[in-house]
Amino acid sequence: MRRPRVPGWLRWLLRRVGSVVLVAWVVATVVFFALRAAGGDPTEALLGGPGSQAGPEAVAAARAQYGLDQPLLVQYAVQVWRVLTLDLGVSYARKVPVADLLTEQLPGTLLLAVLALLLAWVLALAVATAAVRATGPVGRACAALLRGAEVVAAVLPHFWLGAVLIVVFSSTLGWLPATSSGTDLRGLVLPTVTLAVPVAGFLGQVMRDSLDEATAAPFATSARARGGSPVGVLWRHTLRHGVLPAVALSGWAFGSLLSGAVVVETLFGRPGLGRLLLDATMQRDVPVVVGAVVVVAVAYVLVMLLVDVAERVLDPRLRAVASLPATVRPGEPAVLG
């Protein structure tokens, strides 16, 4: 008797849900023990910081109230259970639910990361297509300069680039504010550019190499032989193939932008998850740190899911392979009956 065949989309969805749970558990475990290994007593955050003059009775009461008097493994089990049940606990330092803090700070960081990713794609696509289309001595020289700019942009540290942008566009020219609030659109410009430029340099290199390969591929040669113009062949044929590696790396890029937000939000005085995470780490506020890192990790997994969907939309070959039965895959003998 044959077992009922599970639809391919359901298997795919179950794998993704399982990956989210696994990532949440691993991240919570690593962050919890890393904070404890770094030293410091979380009780200080409960009592107002390292300078508090709380007596032994107050320290003991605070530790008992928040379970810090329990063995470390018991505290770890409680923290992991809270993460898996979506109960992130209460901040030691701020005395408010961690979920409320994350709900307040996460939208600003996500907006900054999404805008930076869009700008990085625009810059990378513009530079890559300009380098591929360049012809003649002058064009080749410009293409070489663009390649050099991609390499330089990819290695620029966020804190240095942000400081330079503040000096030039805020202190010297006075065009843009040096600090960024949650509602000021002009204040988003410099943080977005600071985050986007290094990612654009990396994506541009990947996209340009892939476009070079696609331009020399037989399908592009056939399109040119049929009378297609260079611009038409680029936009109708080679670009769709050339951007696939960059699409696959967009999930990594988004994760890089979220981690870079810690530096950028601190540099520009912008409220967000990055500053919240940095402050909580310095205060040993374990529930906030674990909750923030888990939320970032889950957001990264969800973005990778969207990237996977985008790849399947852009590349019909992936859809064709996914639709094959489990017993029939490229490079393997078909099992019939």
Side-chain angles (χ1 to χ4, degrees), residues 20-21 23-52 54 58-59 61-70 72-113 180-182 191 254-302:
V20 170
V21 175
V23 166
W25 171 67
V26 171
V27 167
T29 300
V30 172
V31 172
F32 180 87
F33 286 107
L35 281 176
R36 292 309 178 91
D41 188 357
T43 311
E44 293 179 350
L46 291 169
L47 300 174
S52 65
V59 172
R63 293 179 64 86
Q65 179 181 357
Y66 287 86
L68 296 176
D69 57 343
Q70 299 294 324
L72 185 62
L73 290 180
V74 174
Q75 297 180 44
Y76 162 71
V78 171
Q79 187 66 61
V80 171
W81 177 251
R82 286 176 176 173
V83 170
L84 296 179
T85 57
L86 304 181
D87 176 17
L88 300 178
V90 177
S91 167
Y92 292 165
R94 295 170 174 82
K95 308 299 189 297
V96 296
V98 175
D100 293 346
L101 291 173
L102 299 182
T103 302
E104 180 183 354
Q105 303 296 335
L106 183 60
T109 300
L110 289 180
L111 175 63
L112 182 61
S180 173
S181 66
F254 187 78
S256 175
L257 292 171
L258 288 177
S259 62
V262 176
V263 176
V264 172
E265 288 176 351
T266 303
L267 180 63
F268 289 94
R270 177 178 175 79
L273 196 62
R275 288 187 64 190
L276 175 67
L277 181 58
L278 179 62
D279 293 343
T281 302
M282 299 298 294
Q283 297 168 340
R284 299 296 189 272
D285 197 342
V286 178
V288 174
V289 176
V290 172
V293 176
V294 167
V295 167
V296 170
V298 171
Y300 173 75
V301 173
L302 294 178

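- Taken from OG in S91 to CG in L102, the straight-line distance is 10.0 Å, to the nearest 0.5 Å.
- Looking at heavy atoms from C-beta onward, R94 lies in side-chain contact with D285 at the 4.5 angstrom threshold.
- Atom CG of L273 is separated from atom CG of L101 by 10.0 Å, given to the nearest 0.5 angstrom.
- Residues P191 and E265 have side chains not in contact (no heavy-atom distance under 4.5 Å, counting atoms from C-beta outward).
- Residues passing the ring pair (Phe, Tyr, Trp, His ring centres under 6.0 Å) test with Y76, sequence neighbours excluded: F32, F33.
- Qualifying side-chain contact (heavy atoms from CB on, under 4.5 Å) partners for V263, counting only residues two or more places apart in sequence or in other chains: H158, F159.
- In summary, of the residues considered (L277, V262, L258), a side-chain contact (heavy atoms from CB on, under 4.5 Å) with T109 occurs for L258 alone.
- Taking V301 as the reference, S19, V20, V23 meet the side-chain contact (heavy atoms from CB on, under 4.5 Å) condition, with sequence neighbours excluded.
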Would you list the atom pairs, donor with acceptor, under 3.5 Å between side chains in residues 83-90 and any protein atom, with sequence neighbours excluded?
residue: T85; atom: OG1; partner: W81; partner atom: O; Å: 2.7
residue: T85; atom: OG1; partner: R82; partner atom: O; Å: 3.3
residue: D87; atom: OD1; partner: G89; partner atom: N; Å: 3.4

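- Counting heavy atoms from C-beta on, the side chains of R270 and V264 never come closer than 4.5 Å.
- For T103, there are no side-chain contact (heavy atoms from CB on, under 4.5 Å) partners two or more places apart in sequence or in a different chain.
- Y300 and G255 make their closest contact through CD1-CA, 3.8 Å (heavy atoms, listed as atom of the first residue, atom of the second, distance).
- Listed by chain and residue number, R36 satisfy the side-chain hydrogen bond (donor to acceptor under 3.5 Å, both in side chains) test with Q75 (two or more places apart in sequence, or in another chain).
- In this structure L267 satisfies the side-chain contact (heavy atoms from CB on, under 4.5 Å) test together with I166, sequence neighbours excluded.
- Here L110 contributes atom CG and F254 contributes atom CZ; the two are 5.5 Å apart, rounded to the nearest 0.5 Å.
- For the pair W25/V294, no side-chain contact is recorded, criterion being any heavy-atom separation below 4.5 Å from C-beta on.
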